[in-house]
Amino acid sequence: MASFFDIRARQAAAAAKTTSSKDTSPAQDNRLQPWVEKYRPKSLDDVTAQDHTVTVLRRTLQSANLPHMLFYGPPGTGKTSTVLALAKQLYGPELMKTRVLELNASDERGISIVREKVKDFARMQLSNPPSGPAGEEYKKKYPCPPYKIIVLDEADSMTQDAQSALRRTMETYSKITRFCLVCNYVTRIIDPLASRCSKFRFKSLDEGNAAKRIEDIAKLEGVKLEDGVVDTLLRCSEGDLRKAITFLQSAARLVGAMQSGTAENKKRKRKTVADDDDDAMDIDSASASADSKSVTVSAIEEIAGVIPDNTIDRLLTAITPKSKSAAPYGPIAQAVEDLVAEGWSASQIVNQLYDKIVILNEVVGDAAKNRIVLCFSETDKRLVDGSDEHLTILDLCLQIAGILSHDR
Amino acid sequence: MALLVDKHRPRTLETLTYHPELSERLQALANSGDFPHLLIYGPSGAGKKTRITATLRALYGPGVEKIKIDSRVFQTTSNRKLEFNIVSSNYHLEITPSDVGNYDRVVVQDLLKEVAQTQQVDLSAKQRFKVVVINEADHLTRDAQAALRRTMEKYSPNLRLILLANSTSNIIAPIRSRCLLVRVAAPTEDEIADVLARVGKDERYLSCEPLERRIARDSKRNLRRALLMFEAVHAQNEHVSEKTPIPPPDWEALIEVIAKDIIEERSPARILQVRAKLYDLLTHCIPATTILKTLTFKLMPKLDDSLKADVVKWSAFYEHRIRTGSKVIFHLEAFVAKFMRIYEGHLLGMDIDFDD
């Protein structure tokens, strides 16, 4: 029984087992898997950058007791990954199926489901680890604590009623069941539920950790990255690691930087890369020399839907007044029409325009910025309400042009 | 007889005429065997659907063009029955969830799960996964989009989604981060003119380049519209020349009349006349947003530069009201009244617009 508490030894054994099983799985399947799934942390130790949470959870792993938990934080910070890793470490592959119930927003989660499915699972008897000598072995690797876990992913999209139906269930069956709620906005979880859980806040990933993770994955997949690609990835993904990894995978697919491409594919893809760079002026030379097989900054930007700088600059020049009077209507209308016809999304235009005019621009006076920000707020609201993009963006640009000309 | 638009629609990726780099990418994706979820966005008439169909063909071969339409009945939680049309082939399904309005979540959940949980049985199929094409993805409700999130991850071995949208603004971030974003820009005027020339040659029309250029310009970079106009011109005239007038759609002509009306005279009596015309447009199923937008852009050339910003401001304002309000005619009329006031104030040289 001494080894029961020897968590390290057990982890080592488990790790040895998972690596060996991974080798045998067919390579074909692995390649089709999204990298987000493929590189999900396998154990708590692999979880990046959430030191505080991981320390607390590891302690609960040791004591084999767990409170109800509420994980919250921005998307792509590892909430779901942490729960799954924890469950895996607690139960191992065999018991996972019978001891863990995962429900998310794609499952029906109205009040009736909470009453039936969740309650049924909560009141079910605990399944036993396999018996015999194999079971002994199994128990050495995994603690298999005497409770089940119900993971309610994306819990903030549950209705109020469904949440209140959980209240009593959580208490009644707390002997054999633990709940883990995962959500983005803790404010959408009703108070009675939140007060029954111990809360863990997942903070946005800091650049260093995210960059390290991305570089690791790129190395494992054999994808070559150009200088600055990691920075661009982080900038485009705004702290969302899942987004960054998805972008990386898509870019790798597009440029055919993966090792698996056949000779014929490679030839075609090389041409693609050359074509890619039409719209990015400053990266042209760099990518041409890199001989096709690495992921370029422009590829990432194209995938992320970022508008190239020269396109935005053209709009900016149209907006900026040349003389005392306001910028003329004609060029602005033309620039906006082109942007819309190119298919750039309005929210992206608004974001990048905001960066250029309000944050990075030192020439514009504070009073003018003040009024410009009001325009941005109004525009954003209208876009969310589903207004016509062309008209809304045109309005925004004309108003900014007006304000800028007064500022002179 | 099929319309030119359908008759000359390219069927394979190789025959697509513009955006060669995009076609190459799609081809590479289709060949790699590792096909991601796609989110295709771009203005209408840019060729999104054509590219999808061609990509599907590259994925599965010509079998994908044998399509059938069946209608399914879904039951909502409140026991309402929903009729829903599905276009499908052996390899793919095509749905327009916005058909069922607020109940799209039910359809998305039930249908996708059902598709995702069954594997491809046809052993001769080239790919192991099925593709579900979702039209008008930007009209999906938040609920439906949330329901898609996990489905996309969980069932990725059996299921790939292709979402079609006009803009990514209304698509929630979690979906965007799970898809490969593909932007289809509208063709340039030159590219449209090229297409028109080619189609004209195939149809043995007399070629007339200046006319094709004019159509390209008038179509506002919408290829579908350009082809329809092209066909209309040739259907109405035996011999086309440089000066052959391009018949504008009659609703556009009517809006032009409205624009002229409200600049000519600004009085309550005129508003009453204009209202009759607006109602005429609305009863012919022209969306209010289109009316307002077209009217604004028709007014622009007739205005002094100093007024334009103001007019656009109010146009955008009332367009937003149309979206959030309930009865569109109020807002259209309000815009007309507002415009009259701005214009009158400009002519009198003083600001008679008191309420801002």
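Below, chain A is the first sequence line, B the second, and so on; all start at residue 1. Just so it is clear, the values below take in all heavy atoms, side chains as well, and ignore hydrogens, waters and symmetry mates. Every value quoted in this text rests on a predicted model; they were computed, and no experiment measured them.
- Chosen from H37(B), R321(B), R221(B), the residue pairing most often with chain A at heavy-atom distances under 4.5 Å is R221(B).
- Looking at S315(B), the atoms closer than 4.5 Å to chain A (heavy atoms on both sides) sit in the backbone and in the side chain alike.
- Every residue two or more places apart in sequence or in another chain that forms a side-chain contact (heavy atoms from CB on, under 4.5 Å) with A185(B) is listed here: E342(A), H19(B), R183(B).
- Heavy-atom pairs under 4.5 Å with chain B peak, among A346(A), G386(A), C397(A), at G386(A).
- Applying the side-chain contact (heavy atoms from CB on, under 4.5 Å) rule to F74(B) yields the partners R72(B), L82(B), F84(B), V107(B), D110(B), L111(B); only residues at least two apart in sequence or on another chain are considered.
- No other option in A309(B), P36(B), S167(B) has as many heavy-atom pairs under 4.5 Å with chain A as P36(B).
- Of the residues considered (K243(A), R382(A), Q399(A)), R382(A) shows the highest number of contacts with chain B, using heavy-atom pairs under 4.5 Å.
- Salt-bridge annotation for D385(A) and R323(B): absent, with no side-chain N of the basic residue lying under 4.0 Å from a carboxylate O of the acidic one.
- Contact annotation for V350(A): neither backbone nor side-chain heavy atoms come within less than 4.5 Å of a heavy atom of chain B.
- The closest side-chain donor-acceptor pair between Y39(A) and Q249(A), if any, does not fall under 3.5 angstrom.
- A cation-pi contact, defined as under 6.0 Å to the ring centre and within 45° of the axis, links R51(B) to Y18(B).
- A donor-acceptor pair shorter than 3.5 Å can be found between the side chains of D304(B) and S306(B).
- A distance-only check finds no donor-acceptor pair linking the side chain of D153(A) to the backbone of L103(A) [under 3.5 Å].
- Looking at F317(B), the atoms closer than 4.5 Å to chain A (heavy atoms on both sides) sit in the backbone and in the side chain alike.
- Interface residue T289(B): only side-chain heavy atoms are found under 4.5 Å from chain A.
- At a 4.5 Å heavy-atom cutoff, N351(A) makes no contact with chain B through either its backbone or its side chain.
- Contact annotation for L383(A): only backbone heavy atoms (N, CA, C, O) come within less than 4.5 Å of a heavy atom of chain B.
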